[in-house]
There are 2 protein chains.
Amino acid sequence: MPRAGLTSERVVRAGAELADEVGLEAVTVSALARAFGVRTASLYSHVDGATGLQEGIARLALDELADLAGEAVAGRSGKDALVALASAYRDYAGRHPGRYAATRLRLAADSVAVPAARRHATLTRSVLRGYPLDEAYAVHAVRLIGSVVHGFTALEVGGSFEHSAPASEESWARILDALDLTLRQWSSSAS
Amino acid sequence: MPRAGLTSERVVRAGAELADEVGLEAVTVSALARAFGVRTASLYSHVDGATGLQEGIARLALDELADLAGEAVAGRSGKDALVALASAYRDYAGRHPGRYAATRLRLAADSVAVPAARRHATLTRSVLRGYPLDEAYAVHAVRLIGSVVHGFTALEVGGSFEHSAPASEESWARILDALDLTLRQWSSSAS
DNA sequence: TGATTTGCCTAAACACTATAGGCGACCTAC
DNA sequence: GTAGGTCGCCTATAGTGTTTAGGCAAATCA
């Protein structure tokens, strides 16, 4: 019997693809084994069970997303950079809902995905360089950006915007306008 | 053998409590049966399996949350009402993480939780009466409020703010200031 | 008190997770 | 080119969760 050629990387990658197709909850070790045409037990030497698989998908997705976001932001600043960053997240979530869901898993402190998660924080801070923000406001700004981007994205992929007009696209543009304005105002004012 | 006195309501309520203690994913029909001291199969006449149970918890939580938010907003307007509404959500998520997670489930169009979900949209719109918003901006405003509140809340309960100072409480106050300001600006300007 | 309803039961089939240990496919060395 | 050894995928097995079908007894009501 020929071997299937499994590796941790290939298994996790297949898991990510499956997650985008059928949802993260439906990504089971069994389903993945079926996809590879091997027995379930065979995967346990490549990934650390169901939770290890999810962590692997989270790491993969966080890395991919940080790469895309970094690329989108490169060479831009101010509102341009903000919109590019935010839209990189939103687009990724739309194209890869399963992977995006994995990025939102609560990570264990020693998870393989922790380093990737840090890249995102630094990237957001770099976008803030385009805004002459008071250092004391930088954390709040990072958290605001994270909240707006993740909140909008989560509601959108969760279908919350599907039952009202107009298309979410338009709200997205207005909301980014407002976010940019807020960040510029925080620069000067500050209470 | 005496009967346990199960009803749909009691089962769903116990499910909600269990969700807050051990996480929504860990709420299984089996675990719930153990809690009641009955056999697993006995619950199937009261709730429609695992998915029915989750829908029931979602309905319960959405109703509870709409009640609390409605109460919080009553008699307030403008920024007061906005802060009360947003904080009702955030506080609920902090106190009842499992129930809150249930409110974020994607609902089937015919889910028992759909009517409860509608209450939330109308409640948010009522808060906007405190802002002389252009009708065309009302939808964007509802979506912005939803994004900020859910985004912040989700990141907070997900632990994303735990590894930076200061406490999220302070960011919450600054972010609500900014949200209020944005809504007041949208009233006049509008691009 | 006897008949009906209904609540919780047993039984059984099926899926997913996980571990232990075996056998054969592949690589390397001579 | 074949003899070893390694490691990849296997079988076997046990535990837990989901779900349906059908049975018996407790509650309800005449």
Side-chain angles (χ1 to χ4, degrees), chain A residues 1-59 98 101-102 105-108 110-113, chain B residues 1-59 98 101-102 105-108 110-113:
Chain A
M1 210 180 281
R3 296 193 179 173
L6 304 178
T7 64
S8 302
E9 190 56 28
R10 286 191 62 200
V11 171
V12 168
R13 190 162 298 280
E17 271 152 34
L18 190 57
D20 288 335
E21 285 162 25
V22 301
L24 186 62
E25 339 69 55
V27 176
T28 64
V29 180
S30 312
L32 220 43
R34 268 193 299 277
F36 277 108
V38 302
R39 297 311 189 117
T40 305
S42 307
L43 295 189
Y44 279 80
S45 31
H46 299 287
V47 295
D48 190 9
T51 66
L53 177 58
Q54 288 208 329
E55 282 186 18
I57 297 175
R59 196 224 50 216
L105 294 173
R106 182 168 203 138
L107 298 178
D110 61 342
S111 165
V112 294
Chain B
M1 210 179 280
R3 295 192 177 174
L6 305 178
T7 65
S8 301
E9 190 56 27
R10 287 192 60 201
V11 171
V12 167
R13 191 161 297 280
E17 271 151 34
L18 190 58
D20 286 336
E21 285 162 25
V22 302
L24 186 64
E25 339 69 55
V27 177
T28 63
V29 180
S30 310
L32 219 42
R34 269 193 298 278
F36 277 108
V38 301
R39 298 310 191 121
T40 304
S42 306
L43 294 190
Y44 279 78
S45 29
H46 300 287
V47 295
D48 190 10
T51 66
L53 178 58
Q54 288 208 328
E55 282 185 18
I57 297 176
R59 197 224 50 217
L105 293 174
R106 182 168 205 139
L107 299 178
D110 62 343
S111 166
V112 293

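Proteins get letters first, then strands, A, B, ... in listed order; numbering begins at 1 in each.
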Closest non-hydrogen atoms of A:Leu18 and A:Val27, given as atom of the first, atom of the second and distance, are C-CG2, 4.0 Å

Whole-Å distance, A:Asp48 CG to C:dT17 C1', equals 12 Å

Of the candidates C:dT17, D:dT18, D:dC9, the side chain of A:Val38 sits closest to D:dC9

Taking D:dT19, D:dG17, C:dC16 as options, the one with an atom nearest any side-chain atom of A:Thr28 is C:dC16

In short, B:Ala31 meets B:Ala26 closest at the heavy-atom pair CB-O, 4.3 Å

A:Ile57 and A:Val12 have their tightest heavy-atom pair at N-CG1, 3.8 Å

Reckon B:Ser30 has a side-chain N or O less than 4.0 Å from the OP1 or OP2 of D:dT18? yes

note: A:Leu43, atom CG; D:dC10, atom C1'; distance rounded to Å ~ 12 Å

Q: Identify whether the distance between the nearest side-chain nitrogen and carboxylate oxygen of B:Arg59 and B:Glu9 falls below 4.0 Å.
A: yes

From CZ of A:Arg39 across to C1' of C:dG24 the rounded distance in Å is 16 Å

Rounded to whole Å, the OH-C1' distance (B:Tyr44 to D:dA21) equals 14 Å

Taken to the nearest whole Å, CG/B:Leu6 to P/D:dA26 is 16 Å

Here the distance between atom C1' of D:dT19 and atom CG of B:Leu32, to the nearest Å, is 16 Å

Touch check for A:Ala41, heavy atoms < 4.0 angstrom, all strands: base, sugar-phosphate only, or nothing? base

Item to complete: State whether B:Ser42 places a side-chain N or O below 4.0 Å from either non-bridging phosphate oxygen (OP1 or OP2) of C:dC9.
Response: yes

If the cut-off is 4.0 Å, is B:Arg34 near the phosphate of D:dG17, judged by side-chain N/O to OP1 or OP2?
yes

Between CG of A:Leu53 and P of C:dT17 the distance, given in whole Å, is 9 Å

